[in-house]
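Below: one structure, written as C-alpha coordinates.
All ligand and atom numbering here is 1-based and tracks the order in the structure. Because only heavy atoms are used, hydrogens play no part in the values below, and waters and symmetry mates are left out as well, while side chains stay in.
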Amino acid sequence: MSDAGGIKVLAICGSLRKGSYNMAALRIAIAQKPPGMTIEVADISQIPLYNEDVRQQGFPPSVETLRRQIKEADALLFACPEYNYSMSGVLKNAIDWASRPPDQPFAGKAVAISGAAAGMAGTARAQYDLRRSCVFLDMHPLNKPEIFIGQAQTKFDDSGNCGDEMARNLLRDQLIALAAWTRQIGGKK
Ligand SMILES: Cc1cc2nc3c(=O)[nH]c(=O)nc-3n(C[C@H](O)[C@H](O)[C@H](O)COP(=O)(O)O)c2cc1C
(Lines give C-alpha, C1' and ligand atoms only; values in the text may rest on other atoms or scores of the structure.)
Protein backbone atom coordinates (compact mmCIF):
# COMPACT_ATOMS: atom_id res chain seq x y z
CA MET A 1 0.00 0.00 0.00
CA SER A 2 1.35 3.49 -0.84
CA ASP A 3 1.54 6.22 1.77
CA ALA A 4 -1.74 7.48 0.38
CA GLY A 5 -3.43 4.08 0.57
CA GLY A 6 -6.98 4.39 1.88
CA ILE A 7 -6.80 8.13 2.49
CA LYS A 8 -10.12 9.81 1.70
CA VAL A 9 -9.95 13.43 0.59
CA LEU A 10 -12.84 15.83 0.16
CA ALA A 11 -12.11 18.58 -2.36
CA ILE A 12 -13.93 21.90 -2.08
CA CYS A 13 -13.71 24.48 -4.86
CA GLY A 14 -14.55 28.10 -4.08
CA SER A 15 -15.70 28.90 -7.60
CA LEU A 16 -19.00 27.85 -9.15
CA ARG A 17 -18.01 29.04 -12.61
CA LYS A 18 -18.20 26.38 -15.32
CA GLY A 19 -14.82 27.40 -16.75
CA SER A 20 -13.24 27.89 -13.32
CA TYR A 21 -9.44 27.78 -13.29
CA ASN A 22 -9.60 26.59 -9.70
CA MET A 23 -11.83 23.65 -10.62
CA ALA A 24 -9.52 22.94 -13.57
CA ALA A 25 -6.54 22.86 -11.18
CA LEU A 26 -8.48 20.55 -8.90
CA ARG A 27 -9.18 18.19 -11.80
CA ILE A 28 -5.50 18.19 -12.74
CA ALA A 29 -4.59 17.32 -9.14
CA ILE A 30 -7.17 14.54 -9.05
CA ALA A 31 -5.85 13.09 -12.32
CA GLN A 32 -2.43 12.77 -10.70
CA LYS A 33 -3.47 11.56 -7.24
CA PRO A 34 -1.22 9.02 -5.59
CA PRO A 35 -2.28 5.36 -5.74
CA GLY A 36 -4.84 4.38 -3.14
CA MET A 37 -6.06 7.90 -2.40
CA THR A 38 -9.72 8.68 -3.12
CA ILE A 39 -10.92 12.22 -3.79
CA GLU A 40 -14.57 13.28 -3.77
CA VAL A 41 -15.54 16.78 -4.94
CA ALA A 42 -18.13 18.57 -2.81
CA ASP A 43 -21.04 20.35 -4.50
CA ILE A 44 -21.46 23.63 -2.65
CA SER A 45 -23.58 25.27 -5.34
CA GLN A 46 -26.88 24.73 -3.53
CA ILE A 47 -25.82 26.10 -0.13
CA PRO A 48 -27.92 29.15 0.78
CA LEU A 49 -26.51 32.34 2.26
CA TYR A 50 -25.78 31.87 5.93
CA ASN A 51 -28.65 32.90 8.18
CA GLU A 52 -28.60 32.07 11.88
CA ASP A 53 -32.43 32.05 11.98
CA VAL A 54 -32.43 29.33 9.31
CA ARG A 55 -29.77 27.33 11.14
CA GLN A 56 -31.87 27.33 14.28
CA GLN A 57 -34.55 25.49 12.28
CA GLY A 58 -31.93 22.90 11.25
CA PHE A 59 -29.19 22.64 8.66
CA PRO A 60 -30.40 22.78 5.02
CA PRO A 61 -29.91 19.43 3.20
CA SER A 62 -26.96 20.78 1.16
CA VAL A 63 -25.20 21.73 4.39
CA GLU A 64 -26.00 18.38 6.04
CA THR A 65 -24.41 16.67 3.04
CA LEU A 66 -21.29 18.83 3.20
CA ARG A 67 -20.92 18.30 6.96
CA ARG A 68 -21.24 14.53 6.51
CA GLN A 69 -18.70 14.52 3.68
CA ILE A 70 -16.23 16.52 5.79
CA LYS A 71 -16.72 14.19 8.76
CA GLU A 72 -16.12 11.12 6.61
CA ALA A 73 -12.97 12.54 4.99
CA ASP A 74 -9.47 12.07 6.35
CA ALA A 75 -8.25 15.27 4.70
CA LEU A 76 -9.55 18.29 2.82
CA LEU A 77 -8.31 19.94 -0.35
CA PHE A 78 -9.40 23.53 -0.94
CA ALA A 79 -9.17 25.22 -4.33
CA CYS A 80 -9.28 28.85 -3.31
CA PRO A 81 -10.06 31.67 -5.75
CA GLU A 82 -9.16 35.24 -4.82
CA TYR A 83 -11.92 37.83 -4.73
CA ASN A 84 -10.89 41.32 -3.68
CA TYR A 85 -7.80 40.05 -1.88
CA SER A 86 -9.67 37.40 0.08
CA MET A 87 -11.37 34.04 -0.43
CA SER A 88 -14.60 33.98 -2.43
CA GLY A 89 -17.87 34.53 -0.63
CA VAL A 90 -19.05 31.15 -1.92
CA LEU A 91 -16.20 29.36 -0.14
CA LYS A 92 -16.44 31.39 3.06
CA ASN A 93 -20.20 30.86 3.17
CA ALA A 94 -19.80 27.08 2.81
CA ILE A 95 -17.17 27.03 5.57
CA ASP A 96 -19.34 29.21 7.80
CA TRP A 97 -22.33 26.88 7.44
CA ALA A 98 -20.38 23.68 7.92
CA SER A 99 -18.52 25.09 10.93
CA ARG A 100 -21.54 25.62 13.15
CA PRO A 101 -22.14 23.45 16.23
CA PRO A 102 -22.75 20.79 17.25
CA ASP A 103 -19.61 18.77 16.43
CA GLN A 104 -18.02 21.12 13.93
CA PRO A 105 -16.56 18.66 11.43
CA PHE A 106 -13.37 20.49 10.44
CA ALA A 107 -11.54 19.88 13.70
CA GLY A 108 -8.42 17.74 13.33
CA LYS A 109 -8.52 17.55 9.52
CA ALA A 110 -5.37 17.78 7.45
CA VAL A 111 -5.83 20.42 4.76
CA ALA A 112 -4.09 21.35 1.53
CA ILE A 113 -4.77 24.60 -0.31
CA SER A 114 -4.16 25.65 -3.89
CA GLY A 115 -5.40 28.58 -5.90
CA ALA A 116 -5.48 30.09 -9.38
CA ALA A 117 -6.22 33.72 -10.17
CA ALA A 118 -5.98 36.33 -12.87
CA GLY A 119 -3.60 38.42 -10.79
CA MET A 120 0.15 37.92 -10.38
CA ALA A 121 -0.09 36.80 -6.74
CA GLY A 122 -2.05 33.68 -7.66
CA THR A 123 -4.44 33.87 -4.66
CA ALA A 124 -1.67 34.23 -2.04
CA ARG A 125 -3.68 36.82 -0.11
CA ALA A 126 -6.86 34.76 -0.24
CA GLN A 127 -5.04 31.61 0.84
CA TYR A 128 -3.63 33.30 3.92
CA ASP A 129 -7.12 34.40 4.89
CA LEU A 130 -8.33 30.83 4.40
CA ARG A 131 -5.44 29.59 6.55
CA ARG A 132 -6.60 31.88 9.36
CA SER A 133 -10.06 30.31 9.24
CA CYS A 134 -8.44 26.85 9.22
CA VAL A 135 -6.59 27.72 12.43
CA PHE A 136 -9.74 28.94 14.15
CA LEU A 137 -11.51 25.71 13.18
CA ASP A 138 -8.67 23.50 14.48
CA MET A 139 -7.69 22.21 11.05
CA HIS A 140 -4.07 21.41 10.25
CA PRO A 141 -3.06 23.16 7.02
CA LEU A 142 -0.12 21.67 5.17
CA ASN A 143 2.69 24.22 4.93
CA LYS A 144 4.34 23.17 1.68
CA PRO A 145 4.19 23.00 -1.25
CA GLU A 146 2.21 26.20 -1.59
CA ILE A 147 0.47 26.56 -4.96
CA PHE A 148 -0.16 30.05 -6.31
CA ILE A 149 -1.11 29.93 -10.00
CA GLY A 150 -0.95 33.55 -11.18
CA GLN A 151 -2.15 34.93 -14.52
CA ALA A 152 -4.26 31.83 -14.86
CA GLN A 153 -5.87 33.07 -18.08
CA THR A 154 -2.50 32.64 -19.81
CA LYS A 155 -1.95 29.12 -18.44
CA PHE A 156 -5.24 27.28 -18.88
CA ASP A 157 -6.92 26.55 -22.19
CA ASP A 158 -10.68 26.34 -22.75
CA SER A 159 -10.67 22.62 -21.91
CA GLY A 160 -9.03 23.21 -18.53
CA ASN A 161 -5.59 21.97 -19.53
CA CYS A 162 -2.72 23.78 -17.84
CA GLY A 163 0.37 24.65 -19.87
CA ASP A 164 2.41 25.40 -16.77
CA GLU A 165 4.41 22.26 -16.02
CA MET A 166 5.60 23.55 -12.66
CA ALA A 167 2.00 24.10 -11.56
CA ARG A 168 1.00 20.62 -12.70
CA ASN A 169 3.89 19.07 -10.81
CA LEU A 170 3.10 21.07 -7.68
CA LEU A 171 -0.52 19.89 -7.81
CA ARG A 172 0.76 16.30 -7.92
CA ASP A 173 3.37 16.81 -5.21
CA GLN A 174 0.95 18.55 -2.89
CA LEU A 175 -1.30 15.47 -2.77
CA ILE A 176 1.69 13.27 -1.95
CA ALA A 177 2.62 15.70 0.84
CA LEU A 178 -1.00 15.80 2.03
CA ALA A 179 -1.07 12.02 2.34
CA ALA A 180 2.12 12.03 4.43
CA TRP A 181 0.85 14.93 6.54
CA THR A 182 -2.48 13.19 7.16
CA ARG A 183 -0.63 10.14 8.47
CA GLN A 184 1.78 12.27 10.49
CA ILE A 185 -0.99 14.03 12.39
CA GLY A 186 -2.92 10.81 12.85
CA GLY A 187 -5.74 12.01 10.63
CA LYS A 188 -6.28 8.69 8.82
CA LYS A 189 -9.34 7.03 10.29
C1 LIG B 1 -15.52 39.68 -7.43
C2 LIG B 1 -14.16 39.38 -8.02
C3 LIG B 1 -13.03 39.82 -7.37
C4 LIG B 1 -11.76 39.50 -7.85
N5 LIG B 1 -10.66 39.87 -7.15
C6 LIG B 1 -9.44 39.41 -7.52
C7 LIG B 1 -8.29 39.61 -6.69
O8 LIG B 1 -8.35 40.19 -5.62
N9 LIG B 1 -7.11 39.10 -7.11
C10 LIG B 1 -6.98 38.41 -8.29
O11 LIG B 1 -5.90 37.96 -8.62
N12 LIG B 1 -8.05 38.20 -9.08
C13 LIG B 1 -9.28 38.67 -8.72
N14 LIG B 1 -10.38 38.41 -9.50
C15 LIG B 1 -10.20 37.70 -10.77
C16 LIG B 1 -10.20 36.19 -10.52
O17 LIG B 1 -8.89 35.78 -10.19
C18 LIG B 1 -10.69 35.47 -11.76
O19 LIG B 1 -12.02 35.86 -12.04
C20 LIG B 1 -10.60 33.97 -11.63
O21 LIG B 1 -10.91 33.41 -12.88
C22 LIG B 1 -11.54 33.43 -10.55
O23 LIG B 1 -11.34 32.06 -10.32
P24 LIG B 1 -12.11 30.91 -11.16
O25 LIG B 1 -11.51 30.92 -12.53
O26 LIG B 1 -11.81 29.65 -10.42
O27 LIG B 1 -13.58 31.25 -11.19
C28 LIG B 1 -11.65 38.75 -9.03
C29 LIG B 1 -12.80 38.31 -9.69
C30 LIG B 1 -14.04 38.60 -9.18
C31 LIG B 1 -15.27 38.07 -9.88
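Annotation: atom 26 (O) of ligand 1 to nearest protein heavy atom, Ser20 OG, 2.6 Å. Atom 22 (C) of ligand 1 has as its closest protein heavy atom Tyr83 CE1, 4.3 Å. Of the protein's non-hydrogen atoms, the one nearest atom 25 (O) of ligand 1 is Arg17 NH2, 2.7 Å. For atom 5 (N) of ligand 1, the closest non-hydrogen atom of the protein is Asn84 N, 2.8 Å. Among protein heavy atoms, atom 14 (N) of ligand 1 sits closest to Glu82 O, 3.5 Å. The protein heavy-atom contact nearest to atom 8 (O) of ligand 1 is Tyr85 N, 2.9 Å. Here the protein heavy atom with the shortest distance to atom 17 (O) of ligand 1 is Ala118 N, 2.9 Å.
Checked by atom type and distance alone, the side chain of Ser159 never pairs as donor or acceptor with a backbone atom of Asn161 at under 3.5 Å. Using a distance-only test at 3.5 Å, with no hydrogens or angles considered, a donor-acceptor pair links the side chain of Ser88 to the main chain of Leu91.
Within 6.0 Å of the CD atom in Glu52, the count of heavy atoms belonging to other residues, nucleotides or ligands exceeds 12. The environment of Asp157 atom CG is dense: over 12 non-hydrogen atoms of other residues, nucleotides or ligands sit within 6.0 angstrom.
Interface of Gly119 with ligand 1, defined as ligand atoms under 4.0 Å from a residue heavy atom, comprises 10 (C), 11 (O). Every atom of ligand 1 is numbered from 1 in the order shown, and the set under 4.0 Å from a heavy atom of Asn22 is 23 (O), 24 (P), 26 (O). Taking every heavy atom of Tyr21 and a limit of under 4.0 angstrom, the matching atoms of ligand 1 come to 21 (O), 24 (P), 25 (O), 26 (O).
Listed by chain and number, the residues in a side chain to side chain contact (heavy atoms under 4.5 Å, CB included) with Lys144 amount to none (sequence neighbours excluded).
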Tabulate below the donor-acceptor pairs under 3.5 Å that side-chain atoms of residues 98-110 make, not counting sequence neighbours, or state none.
| residue | atom | partner | partner atom | Å |
| --- | --- | --- | --- | --- |
| Ser99 | OG | Ile95 | O | 3.2 |
| Ser99 | OG | Asp96 | O | 2.8 |
| Arg100 | NE | Tyr50 | OH | 3.2 |
| Gln104 | OE1 | Phe106 | N | 2.8 |
| Gln104 | NE2 | Leu137 | O | 2.8 |
| Lys109 | NZ | Ile70 | O | 3.1 |
| Lys109 | NZ | Lys71 | O | 3.1 |
| Lys109 | NZ | Ala73 | O | 2.6 |

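There is no protein heavy atom closer than 4.0 angstrom to atom 19 (O) of ligand 1.
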(request) Give the intermediate values and the outcome of side chain to side chain contact (heavy atoms under 4.5 Å, CB included) for residues Ser133 and Met87. (result) CA-CA 10 Å; Ser133 293; Met87 71 182 104; 3.7 Å; yes
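By the criterion of a heavy-atom distance under 4.0 Å, the side chain of Ser15, and not its backbone, is placed next to ligand 1.
Between the side chains of Glu40 and Gln69, at least one donor N or O sits under 3.5 Å from an acceptor N or O.
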